[in-house]
Amino acid sequence: MHKYRTHTCSEISKKNSGSTVKLSGWIHRKRDHGNLLFFDLRDHFGLTQCVIENSNSFFKTVEKIKPESVVCVSGEVVDRSSDTVNKDLFTGEVEVKVSSFEILSESKDLPMPVFGEQEYPEETRLKYRFLDLRREEMHENIVLRSKVISFLRNKMISDGFLEFQTPILTASSPEGARDFLVPSRMHPGKFYALPQAPQQFKQMVMISGFDKYFQIAPCFRDEDGRADRSPGEHYQLDMEMSFVEQEDVFKVVEPIFFKLFTEFGKNKTVSKTPFRKITYKTSMLKYGTDKPDLRNPIEIFDVTEVIKRKDVKLDIFKKLIAKGGVVRAIPAPNTSSKPRSFFDGYNNWAKEEGAKGLGYILLEKNNGKFIGKGPIGKFFSEKAIGELAKICKAKENDAIFFSSDELKEAERISGIVRQKLGKELNLTNDKKFEFCWITDYPMYQYDEKEKKIDFSHNPFSMPQVNSKDFDKTDPLSILAYQYDLVCNGYEISSGAIRNHLPDLMYKVFFKAGYSKDEVNNKFEGMIKALSYGAPPHGGMAPGIDRIVMLLAGKNNIREVTLFPMNQNAQDLLMGSPSKPSELQLKELNIKILEKKK
RNA sequence: GGGGGUGUAGUUCAGUUGGUUAGAACGCUUGCCUGUCACGCAAGAGGUCGAGGGUUCGAGUCCCUUCACUCCCGCCA
């Protein structure tokens with residue numbers, strides 16, 4: 001007989017009745033009747049109830065052993081009487097009558113129980129992650145993560161992609177997030193950087209002629225955490241293809257996501273392919289964000305022209321428009337009968353979020369014509385109200401919120417109002433995965449702080465203007481072949497067709513203030529590689545953690561990560577980051593400066 | 001770097017207008033219990049009320065400072 005087990009804890013059934021089995025696992029839960037004791041034995045696969053009577057020589061030991069101790073049990077499989085069958089358990093028709101009992105590893109009193117669904121403080125959960133991971137829900141999330149990664153790997157391989165590893169110790173890149181640096185012992189004063197993404201490497205792989213590449217790639221960025229963003233490190237399905245245009249990438253990626261979310265999405269409906277394509281500009285207008293939650297049917301409208309009319313007397317908005325601002329309208333269906341407190345609540349909340357305020361008007365009908373109620377209703381003529389309702393596709397009994405400010409701020413506020421309305425009015429259907437592509441990102445944006453033109457996304461993206469016309473074009477109007485994949489309000493992936501033309505690369509960087517020498521200096525390898533025959537190529541890099549989070553129905557990335565760091569970028573289980581020894585520092589030629597207070 | 005929230009038993013929480021010995025449930029310990037599956041019953045142990053300072057005759061409660069965690073902003077090409 002095997003030393004530890006003949007079966008797992010989810011295997012035995014009536015078929016095994018009468019035979020002797022050996023099981024190993026954790027003591028999940030004990031029910032001690034004094035002279036008769038039940039315990040559930042748990043392993044990765046499931047639970048089996050074991051029973052022992054006081055006549056048994058192991059009885060005292062079993063009574064004393066603490067939950068979560070690991071034990072090996074053997075005994076006869078017996079049928080339960082019909083009134084003691086547990087239908088909630090796979091193995092609930094039988095139980096194991098303990099004939100021998102061995103303790104393999106004892107547990108101390110638990111800082112948090114494995115049994116039950118009670119919530120526990122994250123600090124405790126992270127400190128005792130191995131206990132937290134034994135809990136049913138976490139265990140399932142991590143299994144899901146593994147299955148998702150297997151699915152993706154299999155799919156990529158069957159689609160003709162080759163899986164490669166790229167360096168972890170690499171060079172710092174001057175763009176993007178803050179780098180993690182690793183001191184070099186052999187080159188005192190010099191540092192490696194951990195890759196923020198294998199961006200340049202994967203482009204080199206294309207230039208090296210491998211045609212299609214993918215990798216489940218760790219990415220390191222020294223940025224602060226969020227609920228949907230781990231501090232420090234995360235994983236991407238990094239992929240790149242040669243001789244492709246944007247549409248080719250979409251055609252490869254869409255079926256992957258459709259199948260993945262259909263298979264693992266807990267029966268929620270998934271957007272049919274091809275996914276909707278929304279330009280960045282349209283998305284910012286209609287949804288106030290470049291990661292719209294399309295489960296929410298509310299759309300935002302620009303009503304600047306209506307407010308400008310002579311028969312609208314809203315001077316506050318008119319003044320903002322005169323200063324170059326805009327007015328955005330967010331219709332709130334069937335809310336005109338809501339109490340004043342509802343609207344005041346939104347106004348106060350918006351102010352807390354940094355808005356100047358949130359005007360609103362209630363649409364009612366009189367003799368078939370719209371009239372505007374509410375505090376600012378009186379400032380609109382009947383004609384203006386009609387026009388407003390038409391633009392906003394509003395109906396009787398709808399309310400319309402207004403956000404007026406400079407463009408970016410008006411977009412931001414209208415976007416968060418739309419989100420809040422969708423949620424609070426129960427308009428957002430949470431039984432769906434709504435995918436869309438956000439396309440045509442601007443190549444540049446104006447950096448107000450630095451008073452200069454800067455890249456808005458990836459500087460290696462191909463601009464939608466050719467090299468000949470590039471210098472003649474207003475840089476802020478130049479779009480890029482740059483796209484994001486968005487699902488339910490989360491950015492799932494970013495991607496682009498890359499700029500494979502060194503001549504155009506210099507021009508692109510020049511507009512953002514980099515001379516040819518600087519580009520040669522900072523991207524020496526890239527420029528060199530592009531100068532010896534580079535195929536047109538493009539790809540993307542979906543974030544795996546966020547995908548699993550969506551599939552698991554969670555809104556925190558730590559729920560689907562084995563050993564996450566906390567928000568302060570510390571690993572409470574392993575105790576990182578930690579102080580190096582004097583010897584380590586000496587070898588690395590590093591001296592720690594005391595922080596000034 | 002900034003803003004919000006939370007912090008009371010091992011854990012989840014309650015704690016009135018500032019007023020006697022800070023409570024409940026789960027967990028733990030002990031005892032009883034042969035059909036439970038959130039077993040039941042009884043008893044018991046367990047508290048620097050995050051920390052420091054202040055106001056007060058008196059502070060878990062009010063004020064100030066600080067720390068931890070968390071959410072958000074900044075940041076994330």
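Values below: all heavy atoms of this structure, side chains included; hydrogens, waters and symmetry mates excluded. Within every chain, numbering begins at 1; the chains are lettered A, B, ... in the order of the sequence lines, protein sequences first and strands thereafter. This structure is a prediction, so every number in the text was calculated from the model and none was measured.
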Could you measure between the two C1' atoms, the one in B:U55 and the one in B:U65, and give it in whole Å? 15 Å

Is a side-chain N or O of A:T561 found less than 3.5 angstrom from the main chain of A:I557, in a donor-acceptor match? yes

If each of A:T84 and A:Q196 is mapped to the nucleotide of RNA chain B with the nearest heavy atom, which maps nearer the 5' terminus, i.e. the 5' end? A:T84

Considering heavy-atom distances to RNA chain B, does A:V51 or A:P113 have its closest nucleotide positioned more toward the 5' end? A:P113

What's the closest nucleotide to the A:F115 side chain, out of B:G35, B:C75, B:C39? B:C39

Taking atom C1' in both B:C41 and B:G5, what distance in whole Å separates the two? 42 Å

Going from CG on A:L37 to CD on A:E63, what distance comes out if it is rounded to the nearest 0.5 angstrom? 6.0 Å

Tell me the interatomic distance from A:E53, atom CD, to B:C33, atom P, rounded to whole angstroms. 15 Å

If I pick the P atom on B:C75 and the same atom on B:U70, what distance separates them, to the nearest angstrom? 22 Å

Is any side-chain N of the basic residue among A:K30 and A:D32 closer than 4.0 Å to the acidic one's carboxylate O? no

Between B:C76 atom C1' and A:D454 atom CG, what is the distance in whole Å? 14 Å

Does a sphere of radius 6.0 Å around NZ in A:K452 hold more than 12 heavy atoms from other residues, nucleotides or ligands, not counting ones at 6.0 Å or beyond? yes

A:N86 side-chain proximity, nearest of B:C37, B:U34, B:C75: B:C37

Base, sugar-phosphate, or nothing for A:P459, non-hydrogen atoms under 4.0 angstrom? base

pair A:L501-A:L530: side-chain heavy atoms closer than 4.5 Å: no

If only side-chain N and O atoms count, and only distance matters, is there a donor-acceptor pair under 3.5 Å linking A:K202 with A:T166? no

Spacing between A:F39 atom CZ and B:A38 atom P, to the nearest angstrom: 17 Å

Round to a whole Å and report the spacing from CD of A:E491 to C1' of B:C76. 9 Å

Identify the pairs formed between an N or O of the protein and an N or O of nucleotides 40-43 of chain B at a distance under 3.5 Å, and give each distance.
none

Base-pairing assignment for B:G1 (Watson-Crick or G-U wobble, both under 3.5 Å): B:C73

If the threshold is 4.0 Å, N to carboxylate O, is there a salt bridge linking A:E223 and A:R229? no

Under a 3.5 Å cut-off for both distances, is B:U66 Watson-Crick or wobble paired, and to whom? B:G50

Using a strict 4.0 Å threshold on nitrogen-to-oxygen distance, state whether A:R221 and A:D179 make a salt bridge. no

Residue pair A:E93 / A:S17, side-chain heavy-atom distance below 4.5 Å: no

Separation of A:K127 atom NZ from B:G10 atom P, in whole Å? 13 Å

Partner nucleotide, any strand, of B:A24 [Watson-Crick/G-U, under 3.5 Å]: B:U12

Would you measure the distance from the C1' atom in B:C13 across to the matching atom in B:G18 and give it in whole Å? 23 Å

Can you find a side-chain donor-acceptor pair between A:D83 and A:S81 that sits under 3.5 Å? yes

Smallest separation among heavy atoms of A:I52 and A:F59, with atom names: O-CE1, 3.6 Å

Phosphate OP1/OP2 of B:U36: any A:R31 side-chain N/O under 4.0 Å: no

Can you find an N or O donor on one side and an acceptor on the other, under 3.5 Å apart, linking the side chain of A:R229 with the base of B:C75? yes

Considering only the C1' atoms, how many Å lie between B:C57 and B:G74, rounded to the nearest integer? 49 Å

Please give the distance between the C1' atoms of B:A9 and B:G46 as a whole number of Å. 6 Å

Distance in angstrom units between A:D224 CG and B:G3 C1', rounded: 14 Å

Just N and O in the side chain of A:R226: are any of them under 4.0 Å from OP1 or OP2 of B:C73? yes

What does the list of N/O pairs under 3.5 Å between the protein and nucleotides 24-30 of chain B look like, with a distance for each?
from	atom 1	to	atom 2	distance (Å)
B:U29	OP1	A:K66	NZ	2.9

For A:M112 and B:A9, what is the distance between atoms CE and C1' respectively, to the nearest whole Å? 18 Å

Could you tell me the separation between the CD atom of A:E117 and the C1' atom of B:U11, rounded to a whole number of Å? 16 Å

4.5 Å side-chain heavy-atom contact, A:F563 and A:L573: yes

Write down the distance separating the P atoms in B:C49 and B:A22, rounded off to the nearest Å. 11 Å

Which is true for A:F455 with a 4.0 Å heavy-atom rule: it touches a base, it touches only sugar-phosphate, or it touches nothing? sugar-phosphate

A:H33 over B:C33, stacked by centroid distance under 5.5 Å, angle under 30°: no

Do A:P218 and A:I168 come close enough that some side-chain heavy atom pair is under 4.5 Å? yes

Scan nucleotides 67-70 of chain B against the protein and return all N/O pairs shorter than 3.5 Å with their distances rounded to 0.1 Å.
from	atom 1	to	atom 2	distance (Å)
B:C69	OP1	A:N566	ND2	3.4
B:C69	OP1	A:N568	ND2	3.3
B:C69	OP1	A:Q570	OE1	2.9
B:C69	OP2	A:N568	ND2	2.3
B:U70	OP1	A:Q567	N	3.4
B:U70	OP2	A:Q567	N	3.3
B:U70	O3'	A:R558	NH2	3.4

Separation between the C1' atoms of B:U29 and B:A45, rounded to whole Å: 7 Å

In Watson-Crick or G-U wobble terms, with both distances under 3.5 Å, the base opposite B:C32 is B:G40

Please name the residue in the list A:D43, A:D40, A:L41, A:T48 that meets the side chain to side chain contact (heavy atoms under 4.5 Å, CB included) test with A:H28. A:D40

